[in-house]
**Student:** 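Below is the structure I would like to discuss, written out as structure tokens.
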Number of protein chains: 2
Amino acid sequence: MPKQAPPRLDLTAAPCCAPLTQRRVPTETAAALAPAFKALGDPVRLQLMSMIASAEGGEACVCDLTPAFDLTGPTISHHLRVLREAGLVDAERRGTWVWYRARPGALRQLAALLAS
Amino acid sequence: MPKQAPPRLDLTAAPCCAPLTQRRVPTETAAALAPAFKALGDPVRLQLMSMIASAEGGEACVCDLTPAFDLTGPTISHHLRVLREAGLVDAERRGTWVWYRARPGALRQLAALLAS
DNA sequence: TCTCTGATTCGACGGATGTCGAGACAGGTA
DNA sequence: TACCTGTCTCGACATCCGTCGAATCAGAGA
């Protein structure tokens, strides 16, 4: 869990969501959603996102995420932070461990933009 | 139009497409699709993609794209090349102008991955 | 309180990225 | 042929990004 709530994007606040293919995405919408796509634009983060979103109970522990990659703890922590700051996931510390869960609506909004 | 066909990703060749939220995305799939998300992870490219995909006739001329941004020609050309190499668009020169069109199936595949 | 473990932050490094100006290339047109 | 216009390539620059080791912080338990 971050020491203080990090500057987090609220994707649902984006001027929203007509499909990309329907009309030109306004500048503000592009600026609001591009960071989320950027966050998914790394293979490790794409897998992290998938592991979190598909985890049973809807949440995944960092202690399960880290050993799934050939990367150090700090690096995984960095990628999780990027996902957090992009508004894609939320983190919660419970006792010793930190749990991540997908932010409801975030993926849906991105999917809606790409939908035809 | 690129001088020679650039190394272009074939998104449809990616081990494909169960939603992110359903099961963990395999490493190869993540490696194949992350570049496409990365390409959309820039506000300018997101708008370019939208302008191309939503253009009437399904294609847009560079000569219409460039003046829509406060950027130089080379910079727009660079962004279009990134979209091309990510497998999201195709380019074709017809006479003086170069036309870009959305690559069918590319956006659909990304949307499918994000779908819940 | 002290110690141990899990997770984050910090600082550093090499490599990638966005932007531009200058120059090259492709097609029209005279 | 020569010239003009539209587009791309090249080289340079500052900035950002992915990764690591070391240090720090947060809880749990002795």
Side-chain angles (χ1 to χ4, degrees), chain A residues 1-8 27 30-31 34-49 51-52 59-86 89-101, chain B residues 1-8 27 30-31 34-49 51-52 59-86 89-101:
Chain A
M1 198 171 64
K3 198 179 302 179
Q4 77 284 357
R8 204 202 293 120
T27 305
F37 285 115
K38 189 176 190 174
L40 296 178
D42 180 280
V44 173
R45 288 196 295 266
L46 198 50
Q47 282 189 89
L48 282 171
M49 186 71 215
M51 292 176 73
I52 294 167
E59 57 186 4
C61 174
V62 175
C63 60
D64 291 328
L65 263 19
T66 303
F69 299 87
D70 202 18
L71 293 169
T72 65
T75 298
I76 297 299
S77 190
H78 159 72
H79 285 304
L80 289 171
R81 181 220 279 263
V82 172
L83 290 174
R84 234 189 308 122
E85 295 185 345
V89 300
D90 272 329
E92 183 189 359
R93 160 160 245 137
R94 283 205 297 279
T96 303
W97 295 283
V98 176
W99 298 84
Y100 279 77
R101 56 190 323 137
Chain B
M1 198 170 62
K3 198 178 302 179
Q4 78 284 359
R8 203 204 288 122
T27 305
F37 285 116
K38 188 176 191 176
L40 295 178
D42 179 281
V44 172
R45 287 196 294 265
L46 198 50
Q47 284 190 88
L48 282 171
M49 187 70 215
M51 292 176 72
I52 294 167
E59 57 186 3
C61 173
V62 174
C63 59
D64 291 328
L65 264 16
T66 302
F69 300 87
D70 203 17
L71 294 169
T72 65
T75 298
I76 297 299
S77 188
H78 159 72
H79 285 303
L80 289 171
R81 179 218 283 261
V82 172
L83 289 175
R84 231 190 309 122
E85 293 185 347
V89 301
D90 272 327
E92 182 190 358
R93 163 161 243 137
R94 285 207 294 280
T96 303
W97 294 284
V98 176
W99 298 84
Y100 280 77
R101 56 191 324 137

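What you see below is based on every heavy atom in this structure, not just the backbone, and it leaves out hydrogens, waters and symmetry mates. In this text the structure is predicted, and so the values were computed from the model without any measurement.
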**Student:** On the nucleotide C/dT8, are OP1 or OP2 found under 4.0 Å from the side-chain N or O atoms that A/Y100 carries?
**Tutor:** yes
**Student:** A/F37 has an atom CZ; how far is it from atom P of D/dC17, in whole Å?
**Tutor:** 17 Å
**Student:** What is the nucleic acid contact for B/L71, judged by heavy atoms within less than 4.0 Å: base, sugar-phosphate only, or nothing?
**Tutor:** sugar-phosphate
**Student:** Please check this pair: side chain of B/S77 against backbone of B/G73, looking for a donor-acceptor N/O pair closer than 3.5 Å.
**Tutor:** no
**Student:** Report the residue (B/C63 or A/D70) whose heavy-atom-nearest nucleotide on DNA chain D is the more 5′ of the two.
**Tutor:** B/C63
**Student:** Give the rounded distance in Å between these two atoms: NE2 of A/H78 and P of C/dG11.
**Tutor:** 16 Å
**Student:** When rounded to the nearest 0.5 angstrom, what is the spacing between CD1 in A/I52 and CG in A/D64?
**Tutor:** 11.0 Å
**Student:** If you compare every side-chain N and O of B/T96 against the phosphate oxygens of D/dG6 (OP1, OP2), does one of them come in below 4.0 Å?
**Tutor:** no
**Student:** Rounded to the nearest Å, what distance is computed from the CH2 atom of residue B/W99 to the C1' atom of nucleotide D/dG6?
**Tutor:** 13 Å
**Student:** Would you check if A/R45 and B/F37 make a side-chain contact, meaning some heavy-atom pair closer than 4.5 Å?
**Tutor:** no
**Student:** Roughly, in whole Å, what's the span from CZ in B/F69 to P in C/dG18?
**Tutor:** 14 Å
**Student:** What is the distance, rounded to the nearest whole Å, between atom CG of B/L80 and atom P of C/dT19?
**Tutor:** 12 Å
**Student:** Are the side chains of A/L80 and A/V89 in touch, meaning some heavy atoms are under 4.5 Å apart?
**Tutor:** no
**Student:** Determine: side-chain N/O of B/H79 to OP1/OP2 of C/dT19, distance under 4.0 Å, yes or no.
**Tutor:** yes
**Student:** May I ask you to test the A/H79-A/L83 pair for a side-chain heavy-atom distance under 4.5 Å?
**Tutor:** no
**Student:** Would you say C/dT19 has OP1 or OP2 under 4.0 Å from some side-chain N or O of B/T72?
**Tutor:** no
**Student:** Take A/R45 and A/P74, find for each the nucleotide of DNA chain D with the closest heavy atom, and name the residue whose nucleotide sits nearer the 5' end.
**Tutor:** A/R45
**Student:** Just N and O in the side chain of A/K38: are any of them under 4.0 Å from OP1 or OP2 of D/dC16?
**Tutor:** no
**Student:** In whole Å, I'd like the distance from the CZ atom of B/R93 to the C1' atom of D/dT7.
**Tutor:** 6 Å
**Student:** Please work out if B/G73 contacts a base, only the sugar-phosphate, or nothing of the nucleic acid, heavy-atom cut-off 4.0 Å.
**Tutor:** nothing
**Student:** Measure from CZ on A/R94 to P on C/dG6 and round the result to the nearest Å.
**Tutor:** 17 Å
**Student:** In whole angstroms, how far is the C1' atom of C/dT19 from the CD1 atom of B/I76?
**Tutor:** 11 Å
**Student:** Using only side-chain N and O atoms of B/T75, determine if any of them is under 4.0 Å from OP1 or OP2 of C/dC20.
**Tutor:** yes
**Student:** According to a strict under-4.0 Å criterion, is A/R81 in side-chain N/O contact with OP1 or OP2 of C/dT8?
**Tutor:** no
